[in-house]
Structure formats: structure tokens, C-alpha cells
Amino acid sequence: MLGKYKAFSLALYLVVAIVFFSTEASAVKSYLFRKCEENPFCKRNRHYADQISSLSQPWEAPYEIDISTLTGLKDGTLTANILKITATGDKVELPLTVKFLKSGSVRITVDEKIRADGDIEVYGSDKLQKRRYNTLDEWALDGHIENAQDSTIEVTQTDSEISIEYGNGNKVVFVAKPFEVKFYRNGETQVILNDRGLLNYEHWRPKPTGEDAKDPQIGPYELEEGLWEDKFDSKTDKKSKGPEAIALDVTFVDYKHVYGIPEHADKLSLRETRGGPGNHEQPYRLYNVDIFEYETNSPMAMYGSIPFMQAHKPSGSAGVFWLNSADTYVDIIKTKSNDEKVLNSKQSTQTHWISEAGLLDIFVFLGDSPEEINKLYSDVTGFLQLPQTFSIAYHQCRWNYNSQDDVLEVNDNFDKHDIPYDVIWLDIEYADEKKYFLWNKKVFPDPVDMLNELDTTKRKLVTINDPHIKADENYDIFNKVDKNGLAIQDAKGGSRKGHCWPGESIWIDTLSPKARQYWDSLFASGSEFAGAATNWHIWNDMNEPSVFSGPETTAYKDDIHFGGWEHREVHNVYGLTYHNATAEALKLRYSNAQRPFVLTRAYFAGSQRVGPMWTGDNMAKWEHLKIATPMILTSGVAGMPFAGADVGGFFENPSHELLTRWYQAGAFYPFFRGHAHIDSKRREPWVPGGEYTEAISSALKLRYKLLPTLYTAFQKSSVDGSPILKPVYYISPDNEDSFDVDDEFFVGDSGILVKPITDEGAISTNIYLPDEEIYYDYNNNDITLQGAGEHSYSAPLNTIPIVVRGGHIHVVRERERRSSTLMKYDPYTVVIYLNKDGNAEGSLYADDGETYNYADGEYLETKFKFEGTTLVSTPNNGEKLSKYLESLWIEKVVIVGYKGDVGSTVQVSQDETEKSAIVSKEGNVVVVKPRVAVASEFKIELGLN
């Protein structure tokens, strides 16, 4: 019987795999994924919004603050009750908590008293928590959030409202009836919650009995559809705890542009979602799914979800973070200007947030710039984990390198063709019958020897590791996870079985501490899988989780996780829990002696603390190359800056031109990896040959040259939350014409502006300059561009359109090596681009690029400033400098745009000694060879002789 069942399971798996992953398909099968009208909780709330907006009379929402329950300010916190008046006149208590944070942000949480008290009936299950999901903080938040001191907050109360002044020029006003919250900065309204009255907190009520029984508490503007059960794609979802959706409207006052809420293959400046030319008909959906061959310019759900939205206008910025891990939709409407003929007439953005379950938990951030909003958001969710240097170099991957010999041959070919790379990757075929932690010894007979061979040139190996575990009684890991209750459970309490790459599988429940502890043991140093190798790292894929046989290719919403939480409540955070468990296991493996590298496909707010993401299974098409830039920019705006896209496109075969142009764009992605489907032709950098390989090699070498610049940007992001690739509006926050530019970007604070070529056959492009500063052609310093607006740029196949904004200094390494680790002791070149006034500033950050020693003060940070004729470096180093950091030196200083005369030598001062250095000038470029240490202050003076 068991054999017949396994045969049936395998047949079903093969059918499912063909349906979902056939490479003959040309686009996503959108019918497999719910639109708003097919998802009852979204349909109910969109209908509610439509009904209210169509009213001819002013709408008074049925929610009010019971002022009598307001408590005094204590530890930066206020509490009160919100009352919801139902259609039957009943009053539902919704406890309100308002926290004022030390960072200057505000957190508003609304619970449901009857659920919090456990006074509800759960139908059909005795395994579920009765309250709303309330432990999301454990995963999404940093854990070191401090409340503001009461002395910094001023509260004024009347019978109708509560006014609180907090932070620097910030104020929030709670209107009691109907409930409304208004945020002000410097006297101007910035954000309003519930100004349209769309707050809808679906409270618990007994399940109606009888076939045609109606719910008496459904109001005149509400739908009753799908409150307790619904079906999609022949699969039934029973809601044991009844309806628990929440919704709220959030208006960004006088803000035309909003950004964020990844992941979507769409523009940087988010579109409207209620139809019209160039707009979407559907709301943006946040629901982590394995979406095969995704559409571009779409609001459909994808692999990751960060419910954070940023708004920007010339006078400031704002942000909201909707802390909820359930299925979520966001509608966006941009109000029409009062009078389009009036100069500077204003336009606001109205948003409508709808989640299926969980708490209403929202943070509001106000600031003067987009980077200030990034800092406030990161103060809440945590900052980027500073990665090892190798991880920001180039990664080579495909599904699959076929054998140990294949891996080592590819490794040798990079050296043979004089092309640098750092990491080679293995997809699922390395594993014996796709059983993770077991090698297919027929093709990988000695993996430890393979790891050691890669280590001779300081290359690393990354292997894929997914949360599905093959259901095979001869597989020890399956038995331990299944029999010890470490898997996600189905509604009946057994391990959830479904289908993924190995066939029938179960999924480890990484919300469980015991499951995470077991996971740690599988990665232990000395294990049979990777021995004691220190150059082994991990790729987490399929962790949405992807379930081929499940609804919408994922888990059933009524599955149960550790703690009695339904999957519907934790769906979007599951991928983060798995990602985090893997990273923590690697930390233990390496005894915290090196920073872990773990790539993830599914992610949530807080994933930036763990490791990078990539944009999933894209296609070898020009439109996918084009959309990759706004997708990566959006990820950075939303606090997940270590992001990339599969270079070349995962599915199908790119033309040589497309592959080349993608490498040129990818050379600037924070995460830079070439990847391809198992059915794709080989496309390693040397495969195209001729001018294509030459251009690809040049792009790769440029990436390695710029590693010090990129690492400096990563370090800055790790302390202030700023994007590594910055949208143009970050540099020109007062120029509204730059607010929707999303086909070019600045690299950190380096001044480097890149406009990837993304159109077939293009040999030129227009680069948009957002200001009146002088810009230099990176490929020919004698060419300068100036003036806000578009400028033509010639870009034949061997050219990447790059200009550098005057006034910036960045640092590079010019010696070519086989891997980034082999560059570790190479000298630096400081590159200075002078602004209109002849000045420039910049910085360099360095540490050992591998360990956590920087956290103990072992790092080097130098500020450079050029004024007139003098370059001064000012170290701001850590508490201690290793011999390595003391050994770092500068062999060359390049000054672009210098108009003065220079002789044959210049004066260099360092450590109270002076010496002469060779200097030369060609055109507007001066080159000095000072040979100075980075760790101590120095000065170079031009024009003295």
C-alpha cells in the first residue's frame, strides 16, 4: 500500500512540476494567484471603501476613543480603549496603545479585548491560540527599541481630542469621534490615519448556525462573503477563528510620490491601483509566493514582503510601517490637484491597507529627507548586517554545475580567461535525491577536497538548502523532524505533507525553538557534509514556503505553527524565520569567527539583519533587465539594500548582447550573481567570446576595482539604513522632476551615477542630471556634462554609461586579482572629482572584511577633503588598529577637474614628517603618487613649487 501511495505521490509531483515549472511557458499563470476580488477579506474591505466613497453625505466612521479610559503618560506610552459600534449597537472594545520612541517615531497598536482575553470559541480546532498574532516583534523588530522619556513629550487633552508634541517639531493629534489620527511636522500636516473612515476591525462573533443564517452584525456597507470559509482553485480554507481582517486608510498629505512595499516587478514611484491610463486595476499585494516567470509592471505578489512605505516631497519625507505578516493588499489613489493651472498646486496620496489577520500595528516616521526616514525605520527593524567582502564580489551560479569536476573546471576557466570571481554555487542537483545535507556521491565523490581546492585561490562554495524535507523513511532528517513535531502541522495536527522538488515533503517549522536547535546541529563543523571547511556558505530558496501542491503554490492558511499560530497569521514572516535559523546555524558552525553569508528568496521586514535577497526567477528578456533597476532601488528604499537580480535572466537564453548589457548593469548591483535555469545553455563570461566576453570581463574587473567604494557604502548602510544604490531623488530631494526617475542610480555617496543600457540595439542613451553641478564622464574625464535635464551619452557595447558628480571622492583598488580576498593587502587609489568651486569630500571604511572584530573597535575610517590646492585626510578610526589596518596604504591620488598648474613634485606631510611625491598632469587630471598610510592623517599640497 505504501509503495502504491509513493508512486501516486511521485506521479502527482511530476504533474505539478510540469504545470508550474515548464520552461515552455511564456508568462506567469496569473489565474493561480488570487486577485483582490477572489480573496474575501480584501473583497470585503474594498467593497466597504467603495460604498463609503459613494455616499453623498459625510461619513462618520463607527469607531471612537473612549476618553474616559485614557491613561496618563508612563514610560513614553499612552493607553485607552477604542470602541467599535456594530450594526446591532454593541460596543466592541479595542485596546489602543501609543508608544513614543526615543528615535522620534510613533507606534500605534490596536488589539481586540475579547480575543486577547481568550473569550472566543475556536471552531474545529483545539490547537490554536485564541488571541490575535502578537509575537511578530520577535522576528521583525530589532529588539533594542527604546521609548522616549516622558519629559520630552507634552500631552494636552480635551473632551474631543488628545494632542501630543514629541520629537523635533513633531505633533500628533488623536481625534476621539470619529477616530482619526493626524501627524504634523513643523506645523504642517504630513500623515492622517482614518481620515476617510476606512478603519475596519473585523471583531469576533459567534458563527451563524443554519444553512441560510445571516450575521446580524454585518453593517449596511459590509459584505458577509467568506467570513468563515472560502474556496480557491478547488481548495477550501476554513477560518476556525472567524473573520479577523483589519484595514486602515493612510493619507500622505501633499505627497504625490510614494515608494516601497516590495516585492513587485514595478516602477520605483508606486502607481495608482484603481485603474486609469498607466495605472493598475488591482491593489499591490504582499504575500510571499513562488511566482513562476513573473510579469513586469505588475502589482502581483512575489517572493518577499516589506510592508513599509516611504513618501517624499520637496519640504520633507514621511513613512509608515504596517507591522503585519498576514496576507496584505495596499490600494493607492492620488488625489487630483485643486487647480492644475495654479503653479505648485498640491496632490496627496491616499492609501488603504488591508490584512487578513493579526494586530493593527503601525509605525509613523516623519523627517526632513528620505535618508532620515530610512534611519528611523532601521532603528525599529534593525540595520543591514555588514557582509564579508567576498559576498559583495562576483558570484557564479547555474542550476546546476553537474559534478565536482565541472565545478573545478569552471573555477580553472575563470583563471584561464583572466576573469575574477569569488563564489561558485550549487543548486539542488548536488543533493542525493534532493535530500539536503546529503551529497550525490556519484558526481561529488569528495566535496571536502573540492572545498579545499577552491580555497587555494580563496574562492567560496555556496550550496542551496530549502525548507522542504523529502518524506522518506530512510532519510534520518525526515524521521527526526516528523517524529519530534518539528514540522509545520496540518489542521489535524500531523506534519503537513505536500510536494516540492524532492516529491512528497514536509516543511521544518523554524518558528519552533526546538526545530531551530536541531537545524543548528545539521551545520556543525566537522559534519560529514562539509567537514571543517570555512569557505562553505548557504543559499535559502523556496522559503515562501513554496508548496507545489498547495493553494497559490504555498502552504495552507489553516496549517499550524509552533505556539498555536495559524499559517495565515505568520505567512510573510516564515521565510525570515528560516533565513534567520540558517544564518544562526552558520554562526555557531564558525564559532562567530566569521560573518555568515546566507542568500534568501523570501523575506520580510528585518531580513536585512540576516543577509541578502535576490529578485527571484526572472527571464532572459530585455524587459526583465529594465525592471531589475527599479526593483533593486525599491528594495533599498524599503530597508533591504543588499539586493540583486539574476544576471542574464534565469529562464531561457539571453542573446550575447543582452547578457553583456546585464553584466554591465549587474556590476553595480549590491548582490552580483550570474544565474541560469537547468535547461539554459552555458553562459559563463567566456562563452559568448569576442567583443562580448571582452566587455563582460571589463565590467567584472570594474566591480572589483570599486570594491572599496562599495564596502564603504555597505558600512554606511549598516549604521544609518541608507540605500547602497540611491535613487536620484535622494541626491536632489528638492527637484520634483527627479522623483520618478528609476532607470539610473547613484552608488552610495561616491557621486558615481550609472544609467544601465536596457534596450536592445542601443548604442547611446540619455543620462538625467538632477542639478546644476558639474558631472565628469567616468570613461573619459576630459568630457564634462552640466545642467539639470537629459544629456546624450554614447554607449557602444563596450561602454557602461557612468558619470561622476563633482564634489565627491571615492577609493578604488586598481591591481587585478583572481578574487577579492587576494586583493586584501593591495594599495588604494583615491579618486577626486572637483565640483564647480574646486572642492570635494569623501570617505573610506575598512576592516578585516571577515570577522566581527569591527564591532570591538577594530576598523579604519578616513575622511578626505580637498579644498583649493590641498587634500587632507582625517582618520576617525576605531579603538584599536590591527597590524593589517596599519599596513594599508595609498599609492596614488587622482584629481579630476583641477585647473591649476603643477610642477614635477608636490609636498606630502604625515606623522610630522614631510616628503616630496611625484606628480603629473594630463588634460584636467592630476596624478600624485604619495605612498602614505591610510590610518594616520596626511596632507598633500599642490602648486607650491
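Atom set for the values below is all heavy atoms of this structure, side chains included, hydrogens, waters and symmetry mates excluded.
Here Arg132 does not pair with Asp361 in a salt bridge; the nearest charged N to carboxylate O distance is not below 4.0 Å. One finds no salt bridge joining Glu566 and Lys241 here, because no Lys/Arg side-chain nitrogen approaches an Asp/Glu carboxylate oxygen to under 4.0 Å. Between Arg568 and Asp327 there is no salt bridge, since no side-chain nitrogen of the basic residue lies less than 4.0 Å from a carboxylate oxygen of the acidic one. Checked for salt-bridge contact, Glu38 and Lys43 miss the test: no charged N lies under 4.0 Å from a carboxylate O. Under a 4.0 Å N-O distance rule, the pair Glu263/Arg601 does not qualify as a salt bridge. Comment: Lys239 engages Asp237 in a salt bridge, judged by a side-chain N to carboxylate O separation of less than 4.0 angstrom. A salt bridge is absent between Arg46 and Asp50: the closest approach of a Lys/Arg side-chain nitrogen to an acidic carboxylate oxygen does not fall below 4.0 angstrom.
When the shell of 6.0 Å around NZ of Lys91 is examined, it contains 12 or fewer heavy atoms from other residues, nucleotides or ligands.
Looking only at atom types and distance, the side chain of His280 has no donor-acceptor partner in the side chain of Thr273 under 3.5 Å away. Gln217 and Glu222 are not linked by any side-chain donor-acceptor pair at a separation below 3.5 angstrom, with hydrogens and angles left out of the test. The closest side-chain donor-acceptor pair between Tyr574 and Asp509, if any, does not fall under 3.5 angstrom. With hydrogens and angles left out, the side-chain atoms of Asn297 and Arg271 include a donor and acceptor closer than 3.5 Å. For the residue pair Thr381/Gln608, the side-chain donor-acceptor check at 3.5 Å is satisfied. Side-chain contact of Asp66 with Ser68: a donor-acceptor pair under 3.5 Å is present, judged by distance alone.
Annotation: cation-pi geometry not satisfied between Lys84 and Tyr201 (NZ/CZ under 6.0 angstrom from ring centroid, within 45° of ring axis).
Taking the six-membered ring where the residue is Trp, the centroids of His571 and Tyr287 are separated by under 6.0 Å. Aromatic pair Phe100/Tyr166: ring centres closer than 6.0 Å. Remark: aromatic rings of Phe739 and His312 are close, center separation under 6.0 Å. Residues Tyr329 and Trp353 place their aromatic rings such that the two centres sit no closer than 6.0 Å. Note: Phe179 and Tyr63 fail the aromatic proximity criterion, with ring centroids not under 6.0 Å apart. When ring centroids are compared, Phe321 and Phe365 stay outside the 6.0 Å threshold. Ring to ring, Trp228 and Tyr123 are close: their centroids are under 6.0 angstrom apart.
Looking at Val330 and Leu270, their side chains never come closer than 4.5 Å, going by heavy atoms from C-beta outward.
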Begin from the C-alpha positions of Leu70 and Ile162 and carry the test side-chain contact (heavy atoms from CB on, under 4.5 Å) through to its verdict.
CA-CA 9 Å; Leu70 179 68; Ile162 309 153; 3.8 Å; yes
Given the rule in the side-chain contact (heavy atoms from CB on, under 4.5 Å) test, do Tyr48 and Gln51 qualify, once you have shown the distances and angles that lead to the verdict?
CA-CA 5 Å; Tyr48 188 62; Gln51 293 297 304; 5.9 Å; no
Verdict with reasoning, Arg34 to Asp230, per side-chain contact (heavy atoms from CB on, under 4.5 Å)
CA-CA 12 Å; Arg34 294 190 191 222; Asp230 75 86; 2.8 Å; yes
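When each of Tyr259, Tyr284, Tyr294 is paired with His264, the ring pair (Phe, Tyr, Trp, His ring centres under 6.0 Å) condition holds for Tyr284 and for no other.
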